[in-house]
Amino acid sequence: MRGRHLLAGLGLAGALALGAPTAAAAHDSLTGSSPSAESTVETVDEIELTFSNVLLELGANQRSTAIQVRQDDRYFETGCPVLSDRTVSAPVALGGAGDYEVIWQVVSSDGHPTSGTYTFTYAPAEGTPAAEGSASPACSKAAAESGGQEDVLLLGAAAAVVALAAVGVLVAVLLSRRRSASAARAEDAAPSPSE
Ligand SMILES: [Cu+2]
């Protein structure tokens, strides 16, 4: 298993080096969840996922970590996921009875992003108030705002480096051209008859 994992890691490194989109292989696995997969529950105020190893926090606001709880294109998580060692949890306020899909993404202890989904069934007591949910994931806006800014800064720095390199090349080219042009002029002292 270790050898296979190493090979998967090398494959991922290769894919990263080539700039190809990375696919999740087998990493730290989900060992338990609350509510558990395929279970029927009467009350839920939090999704808690437990993994086989201590997860990594990457990026501002842990935007590499996500928990979404979905039913019919509406999202019922009410905040961003909180990561603590092997567990990730997110608060939820569910709507009507029925099946809910939990969509999760974490960064495995070996640095690889990994994700999955499972469903559970919500069967609240009669008269339990139902939340409306949201048309978009609760955490995406905050993550996009801070993360977007960070990305812009990184892109700006990368662009500055590229621009400096380009200026350097341009100066070198101009200098060598001027040098060869003046050398040619010195050799060919008579003005050219054309034009
Ligand atoms: Cu891995």
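Throughout, numbering of the chain's residues begins at 1 and tracks the sequence.
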In chain order, what residues pass the side-chain contact (heavy atoms from CB on, under 4.5 Å) check against Q68, with sequence neighbours excluded? Y75, E77, I103, P137

About how many Å separate CD of E101 and OG1 of T117, when rounded to the nearest 0.5 Å? 5.0 Å

Student check: side-chain heavy atoms of F120 and V44 closer than 4.5 Å: yes

V107 side chain reached by L55 side chain, heavy atoms, under 4.5 Å: no

Here the pair of heavy atoms bringing Q71 nearest to Y100 is OE1-OH, 3.5 Å

Decide yes or no for E46 and P91: does some side-chain heavy atom of the first lie under 4.5 Å from some side-chain heavy atom of the second? no

Please check: side-chain N/O of S52 versus main-chain N/O of S29, any donor-acceptor pairing under 3.5 Å? yes

With a 3.5 Å cut-off and no angle check, do the side chains of D28 and S109 form a donor-acceptor pair? yes

Side chain to side chain contact (heavy atoms under 4.5 Å, CB included) test vs S108 passes for just one of N53, T114, V54, namely T114

Looking at every non-hydrogen atom in both residues, tell me the closest pair between P81 and I67 and how far apart they are. CG-N, 4.0 Å

For S36 and S33, indicate whether the former's side chain and the latter's backbone hold a donor-acceptor pair under 3.5 Å. no

Are I47 and P35 side-chain neighbours, meaning at least one heavy-atom pair lies under 4.5 Å? yes

Provide the closest heavy-atom pair for L83 versus T65 in the form atom of the first, atom of the second, distance. CD1-OG1, 3.5 Å

Mind checking whether L94 and V69 have side chains closer than 4.5 Å, heavy atoms only? yes

Test side-chain contact (heavy atoms from CB on, under 4.5 Å) on F51 and D85; report intermediate values, then the result. CA-CA 9 Å; F51 290 83; D85 292 343; over 6 Å; no

Between V82 and V88, is a side-chain contact (heavy atoms from CB on, under 4.5 Å) present by the stated rule, with each step listed? CA-CA 6 Å; V82 175; V88 184; over 6 Å; no

Taking side chain as C-beta onward, heavy atoms only, is H27 less than 4.5 Å from D110? yes

To the nearest 0.5 angstrom, please state how far the CG atom of L30 sits from the OH atom of Y118. 7.0 Å

Rounded distance (nearest 0.5 Å) linking atom CZ of R86 with atom CG of L49: 14.5 Å

Closest contact, heavy atoms only, A125 versus E42: CB-OE2, 3.5 Å

Contact summary for A93 and A131, nearest pair of heavy atoms: O-CB, 3.2 Å

